Amino acid sequence: MPATDLLHQPYGSTMGPMIIVTAAAFIVMILEFLLRKGDRRWLSGLSLAGIAAALVAALWNFHHEPAIALNTVVVDAFGSVFSVLILISALLVLLFTLDYTGRTKVASEHTYLILFAVVGALAMATAVDLVTLYVGLELLSVASYVLVALRRHSARSVEAGAKYLLMGAVGSAVVLYGMSFVYGISGTTNLIELGSNGFAMYNNYPAITVLAFLLMLAGMGFKLSLVPFHMWTPDAYDGAPAPISAFLATLSKTAAFGMLLRMLLFAFNAAATQLFWWAGVLAAVTMVVGNLIALPQRNMKRLLAFSSVAQAGYVLVPFALIQTNHFNDWPGLFDSISFYLYAYTFMTIGAFAVVYVVSRARNTIDSDALIGLYQRSPWLAAALTVFVLGLAGMPLTAGFIGKFYIFTDTVHLHQAWLGVLLFLTSVASFYYYLGWVRKIFQREPVGDIEPIRASGTMNVLVGLCVLGTIALGVVPAVLLHPLLNSGWLY
Amino acid sequence: MGLVFWIVLAPLIAAVLILVVPGLRAGAHRALGLLGSAAALVLALAAWGRFQYATSAYQEVSRLHWFTLPALWQQSDLSIGLSFGVDGLSLPLVLLAAFISLLAGVAAPRTLQRTRLYYFWMELATAGILGVFTAMDLFTFLLALELSLFAAFFLIHLFGEAGSRKAAFKFLLYRGLASVLFLAALVGLAYGAAGGFGTTQPDTQGIINGAGALTFDIPTLTDTLHKASEAFFTPHARSVLFLILLLGVLVEEAFVPFHTWLPTTHEFSDTTTNMLIGGVLTKTGAYALLRFGVGLLPGEVRHWGVLIAVLGVINILYGAFAAWAQKDWRRLIAFGSISHMGLVLLGVAALNAAGLQGAMFMMVSSGLLTALLFFLTGAIKERTQTALIPSLGGLSRPMPMLSGFLLVAALGSLGLPLTSGFVSEIQAFIGGFGTYPAISFVGVIGIILSAVYLLYAMEKTTFGPARQSYTGLADATPREYVPTVVLTALVLLIGVYPSVIGDLFGLSVQALLRIGG
C-alpha cells in the first residue's frame, strides 16, 4: 500500500469508537498514577463519559456506508450492532463497579482495565483479519484475567483468576492453532480474501479445513463457556467481584459471539453445509447439560453462571442453521442472534445486580437470601422477577421474543429439533428460575424484617435493565426494525 | 376495537390495578378482582347477545399489529400481532371461563391471606384462559397459553396446602411440555401452509390465494389448508405434525398416561384454584384439538381416528376405575374429569355432527360440574377439615343444603337426564356409535362405572350415622349459595334446553365437517 493511501483511509468511521475508548483508557491510566487517592473518584465519571462518547460514535455508524480501513477494520451493520451492544454493556458494568468499589476494597486499576477490555471487544466486533481479531481477543482476555482476581486479598478471587487464566489461555491457544491452519492452507489471514476464494482452497484440503473449523469453534467455546468447555465458569463467576461476573457473562460473550460468527462465516462459508452442523451438536449439548447442572444449585452466582452457559447454547442455535446454506436466510440468523444477545445482556446484568444487592444485605450468597424479598424491597423483588422470568422465556419479556425468533428460524430452516430442544430445556429451566420467584414471594417466617435499600446508582442500573427487558418484550420493533434495515456485512 | 378484545383486557386491567395501586385493603383487592371478572362476563354475555347465528366465521374481530419478524420465509416477513374474535366453537367456552372465574372469585374465603397476590394471579389466569379461547392467531394463542400456565402455577404454589410446591412444579413441567409441543406443531403448520414442507414448492402465482406467504392468522390458515392440504405437506410431514399436536393435547388435558399431574394438582390446591383449573384450564387442550386438529388437519383426524377413539375409551375407563379407588374427594373429581374428557376424544374421533357437538357439550358440562363439585367438597372440607371420604359420613343431617347440591352435582356428573351431563354423554356416544360402534360399546361401560364411584362416594359422605364431631356444623352461608345456585342452574338449563348453547356451535360444527368431508 503506498504511503499516500494511508492518509486516505476511513479511520474515523471504522475505528472511531475504538479510538475514543483507547484514549479514555490511557488518560484514566495516567491520571490514576498522578492523582492522589481522594481525587480518583471522578475517574469513573471520565470512563463513563468515554464509553458514552464511543456509544454515540457507534450509533452514528449505523448510517454510514460500509467501508474498510487498511484492509483490516470495517464499518458495517454487523460491527455496529455488536459494538453498540458491547458499549451498552460496558456502560452498565461501569455503573455496577461504581457502586461496588464504593463498598468493597479492590485494586483501583479496574477502571482502565475494563476500558482496555472494551477496546479488545470492539476490535473483535469490527476486525476482518485473523491477526487483528486475535489481538482483540487477547486484549479482552488478559484484562479479564486480572479483573477476576481483582480482590487480591481474597483467596477465592485469586483462585478464580488463576483458573480463568489457565482455561482462557488454553482456549486462546486453541483458537490460534486453528487460525494457523487456515493461514497454512490459504496463505492469507484476511477474511475478505478468504471469503471470496475459499472454495478452491478447501477442496484441496478438506480434512485440515474440518480440523481448523473445530479448533476455532472449540477455542471460542472456552470463552463462551460452551459445554464441555464450561468447567471454569461457576468458579470464576463465583470468585470474581460481582460486576466482573456480569462483565464476563455479557460483554465478553457478546464480543466472542461476534468474533466467532464473522470469523467462521468468512473463512468457512464455502464449506458451510459440511461444517456448521458441529455448532448444532455443541448447542444441543450446551442447552441440555447447562440446564441440568443448574437444577440443584443453591448459590445464586453459580446458578447465574450455569444459566449463562445454557443461554449461550440458545444463542449458538442459529449458528447451526448456517449449514443450510441459503445465503438469503443468513441475515435473518444475524437478526435472531443479535436480538437474543441484546435481550440476554439486559436480563443478565440486571439479575447479577439484584443478586449482588441482596446477597450483600443478607450477608449470604445462598438463594435462601431471597426469601421475603417481596417484603424487604418490592421494587427489587419485582425487578428480579422480571429478569428471571425473562431468562426463562416468559411472554412479554425480551427472552420470549428472542427464543421465539430463534425457534421460527429453526423450523424454517428444517432443523426444528434444535428449536424444540431449546424450548424443552427452557421448560427444565423453569424449575430453577421459578424457584427463585417462589422464594422472592415467600413470606419471611421471623417477625422482624429489615428493608433492603439499594444505592441510587444501583437503582438506575436495575431500572435501565428492567426497561430494556420489558421494552424488547413488549415493543420488539424498536430493535427488530433497525436490524431488519441493516445491510449486515461489508 | 371489537368487543372480544375488551373481554380479554378487562381482567388484565384489573390485575394491573391490583398490583400497582398502593395502600389497598383486602376488600379492595377482592372488589377489583371481582370487577375484572364481572366485566369479562358482562362483555361475554353481550357478545352472546350480538352473536350472528347465520355464519361460522369469526365475529367481533380485533386485530392489533405488534411487530414484524423480518425475512423469515422466502424473503417475506412474518407479521406478529394480537388478534381476538369469537366463533361458535369459542363463545361457549368464553362464557364458561367468564362464569367460572367470577364464581371462583366470589367463592374465595374471607379469611384469605395475601389477597393482592391472589387476585392478581387469578385475574391474570382468567385473562390468559380467555385469550386462549378467543385467539385468532397462533402467536396470540401460544402467548395466552403461557400466561395462564404461569399464573396457575403461582396460584397452586402460593395458595395451596402444605406440599403444594411439588404439585406446582409438576403442573408447570407437564403443562410447559404441552406448550412446547403445541408451539412446535402450530409453527410447523404455519410453515407448512406457506409451502415449507411441500412435495413441490407452491405455485408462486398461487393456485390458492395467500400460499407462499407465511401467516399465523387462524382463519387464513384454515382456509388455505382446507383447500389443498396435500399440496403443502408430504403425508409424512402431515402425520408427524398431527401426532406432535395430539401428544400436546394428551399432556395438556392430563390424558392417560400423562395424567398424573392433574390429581396431584387438585389434591394440593385450594378450592378456588381447583375450580379454575378443573373448570376451564383443563379444557384448553380439547379446544386446541378441535380448533387445530379438526380445523386444520381433518384428514389426519380421520386417518388416526381409531387411535384417538381407543385413547378416548381407555381414558373413560381408566379414569372411572381410578376414581373408584380414590379416598380423597378431590382426587376422585380429578379422575372423574379425566374420564369425562375421554368422551371428548371419542366424539372428536367420530368426526360427525353428533360427535363434535357432544364434545363441545361435554367440555362445557364437565367444566360446570367439575367446578361445582370442587366448590361443594371444598365447602365441606372447610367445615370438617378433611376431604377424605372414609372420614366423612352422615353430613346430610348437619348440612342438608350442601349435601343436596352435592347430590345434584354427582347426578349431573353421572349423566342423569335433564342435566348437562346427559346431553353431552348421549350426543358423544351417538356420534361414537356412528363411526366406531365396537369401540364406543366398550366406552359405555364407563357410564355404569361413573354411577358406581359417584354414588358410592355420595353414600359414604352424606348418608349413614353422623359423626359426633360433625353434628354442630353450619350449613351453606349466603355467600356460598351464589356459586352453588348459579352453577346448578346452568347445569340444569343446558340439560333442559340444550339449544341454549347448542345453537351457538351448530353451524361451526357443520363448517368443520364440510372441511373434513
Side-chain angles (χ1 to χ4, degrees), chain A residues 326 328-336 339 374 378 382 389 392-396 400-401 403-405 407-414 416-417 419-432 434-435 437-438 441-443 472-481 483-486, chain B residues 19-20 22 65-75 77-78 80 113-114 116-117 121 128 131 139-140 142-147 149-150 153-154 157-158 165 168-169 172-192 194 196-197 214 216 240-241 244:
Chain A
H326 295 151
N328 288 337
D329 293 327
W330 286 357
L333 298 178
F334 303 154
D335 289 349
S336 55
F339 187 90
Y374 179 63
L389 288 183
M394 163 94 164
L396 298 183
F400 176 75
I401 307 281
K403 279 183 185 165
F404 190 75
Y405 198 3
F407 175 76
T408 48
D409 275 338
T410 63
V411 175
H412 151 210
L413 297 174
H414 297 248
W417 68 278
V420 171
L421 195 63
L422 190 160
F423 271 100
L424 281 179
T425 49
S426 305
V427 171
S429 77
F430 289 171
Y431 182 82
Y432 55 85
L434 292 187
V437 177
R438 177 179 65 87
F441 288 101
Q442 197 174 325
R443 246 166 214 281
L472 290 182
V474 179
V475 276
V478 293
L479 180 57
L480 283 174
H481 191 71
L483 291 180
L484 171 63
N485 293 333
S486 58
Chain B
L19 194 67
V20 297
H65 176 74
W66 190 358
F67 59 96
T68 304
L69 290 180
L72 264 178
W73 172 247
Q74 296 178 344
Q75 297 310 301
D77 301 339
L78 173 61
I80 298 265
Q113 297 289 308
R114 290 187 288 175
R116 179 194 291 270
L117 281 178
W121 289 118
F139 186 83
T140 316
L142 294 166
L143 190 81
L145 198 64
E146 292 285 305
L147 187 63
L149 168 73
F150 279 100
F153 166 78
F154 284 108
H157 198 308
L158 296 172
R165 173 168 182 263
F169 276 111
L172 185 74
L173 294 182
Y174 271 90
R175 298 274 298 206
L177 176 68
S179 293
V180 174
L181 293 167
F182 279 151
L183 182 79
L186 296 181
V187 175
L189 274 171
Y191 271 104
F197 307 115
L214 186 61
F216 276 2
V240 168
L241 282 175
I244 294 175

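What you see is a predicted model; the values in this text were computed from it and never measured. The sequence lines fix the lettering, A, B, ..., with proteins before strands; numbering per chain opens at 1.
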If you take all heavy atoms of B:Val187 and A:Val411, which pair is closest and at what distance?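 Looks like CG1-CG2, 3.9 Å.
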
A:Val420 versus B:Ala184, closest heavy-atom pair with distance: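 For A:Val420 versus B:Ala184, the nearest heavy atoms are CG2-CB, 3.7 Å.
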
For chain B, the option from A:Val478, A:Leu333, A:Val474 that forms the most heavy-atom pairs under 4.5 Å: A:Val474

Partner chain B: residue of A:Leu389, A:Leu422, A:Leu424 with the largest heavy-atom pair count (under 4.5 Å):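 Among A:Leu389, A:Leu422, A:Leu424, the one with the most close pairs to chain B is A:Leu424.
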
Could I get the full list of ring-ring contact (aromatic ring centres under 6.0 Å, His included) partners for A:Phe400, not counting sequence neighbours?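 With sequence neighbours excluded, A:Phe400 shows a ring-ring contact (aromatic ring centres under 6.0 Å, His included) to A:Phe404, B:Phe139, given in chain and number order.
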
Could you note down all residue pairs passing salt bridge (Lys or Arg N to Asp or Glu O under 4.0 Å) where residues 183-192 of chain B supplies at least one of them, sequence neighbours left out? none

Checking heavy atoms, do the side chain of A:Phe339, its backbone, both or neither come under 4.5 Å from chain B? neither

In terms of heavy-atom proximity below 4.5 Å to chain A, should B:Tyr174 be classed as side chain, backbone, both, or neither? neither

B:Phe216 and B:Leu186, any side-chain heavy atoms less than 4.5 Å apart: no

For chain A, find which of B:Leu181, B:Ile80, B:Leu173, B:Leu172 contributes the most heavy-atom pairs closer than 4.5 angstrom.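 If we count pairs closer than 4.5 Å to chain A, B:Leu172 comes out on top.
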
